[in-house]
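Note sheet for the following structure.
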Amino acid sequence: MVNHCSLFMSPRPLRLRKISNPPIISGFKPYGNRKSEGEPGTVFLQIEEYEALRLCDYNMFNHHQASETMDISRPTLTRIYARARQKIAEALVLGKQIIIEGGKIYFDSEWFSCSSCGCYFNNPEKQEEIKECPLCKSNNFSNYEQTYIEPEESMTRCSDICICPNCGFEQPHRFGCPCKEEICPKCRHNMVRKGTPHSRNF
Amino acid sequence: MKVAITSTGNSVQSNLDQRFGRCGFFIIYDTETKGMEFIPNPNKDAQEGAGPASVQLVASRNVQKIISGEFGIKIKSLLDSLKIQMIVFKEPEKTIQEIINMLNS
Ligand SMILES: [Zn+2]
Ligand SMILES: [Zn+2]
Ligand SMILES: [Zn+2]
């Protein structure tokens, strides 16, 4: 889950949203597409959208309880929740896969992920420094929350442009984030780098 | 140091149970003596409160770490206040023996 983006943190303070648990999976894949015409595409569910869905629809919290749990205002929660449901519906209806990622979040206690064994663990003794993975003893672990700082606020920009091959929408390319993983905000198509063969229509 | 591992069954060949509160068995492993205790989870089919009751059960064995696939929101804050470390391991295929081997490595 570690992406390059996390290495370029801006000094701008981030509004973090509280997440109680990392999701146990990184996404869903559809199967049995009866209309298989190439790639059905991907829906990117932000981790805060996942959390809103988990609290409201799985834990059956009302929006007030859910917003308190996530430490955000109720209108914000409602907006995130609506977005989550819209994306899930889109994935179901169009047969898209779902990838859970991104978002501005933190966990109650400090969390770490180990890239050797793949486990996640917290640090219940905040005054003590974690020196190794408690499971496999590797020191190949990193702070889990940092990998979830939203790229938009953690990126330095370069002069390249990402373009949507479907509708032509352009935005500044974000350093460290592959264009094809960017989603067009207008039509939700995956973007490409402007000036490359894939973008020649525009 | 004692570690609780959630298990689907009562042997070291059983798999890591991905649920904490409603796991089949708790295995309490002592990393110093290599001793093991298998505790059938009495809260497995509880209507409600399985999570907190299970926290109480493992806390009574003085464990310092718990290895499981998932911890719910209430459980997390409970374990946080008890200063018990949570290790989330999303590997339902792993056996208890394999996890013990990792702890001993
Ligand atoms: Zn590890
Ligand atoms: Zn577009
Ligand atoms: Zn780009």
**OP:** Just give me the residue among A/C117, A/G118, A/C133, A/C114 that pairs up with chain B most often, heavy atom to heavy atom, under 4.5 Å.
**Re:**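 Between A/C117, A/G118, A/C133, A/C114, the count favours A/C117.
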Original post:
Heavy-atom distance under 4.5 Å to chain A: side chain of B/L82, backbone, both or neither?
Top reply: neither
**OP:** Determine, stepwise, if the pair B/Q85 / A/N123 fulfils side-chain contact (heavy atoms from CB on, under 4.5 Å).
**Re:** CA-CA 6 Å; B/Q85 184 177 42; A/N123 180 10; 5.6 Å; no
Original post:
Should B/K65 and A/F121 count as side-chain neighbours, where that means a heavy-atom distance under 4.5 Å?
Top reply: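 The answer is no, as the side chains (C-beta and beyond) never meet within the 4.5 Å cut-off.
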Quick check for you: to the nearest 0.5 Å, what is the distance between [X] atom [atom1] and [Y] atom [atom2]?
X: B/D80; Y: A/N122; atom1: CG; atom2: CG; value: 5.5 Å
X: B/M86; Y: A/C119; atom1: CE; atom2: SG; value: 13.0 Å
X: B/I99; Y: A/L135; atom1: CD1; atom2: CG; value: 6.5 Å

Original post:
Which atom names give the shortest non-hydrogen contact between B/S105 and A/C136, and what distance separates them?
Top reply: OG-O, 4.0 Å
**OP:** Kindly give the heavy-atom pair with the smallest separation between B/M102 and A/K137, and that separation in Å.
**Re:** O-NZ, 3.8 Å
Should the heavy atoms of other residues, nucleotides or ligands under 6.0 Å from [atom1] of [X] be counted, would the total exceed 12?
X: B/Q56; atom1: CD; result: no
X: B/K34; atom1: NZ; result: yes
X: B/F38; atom1: CZ; result: yes

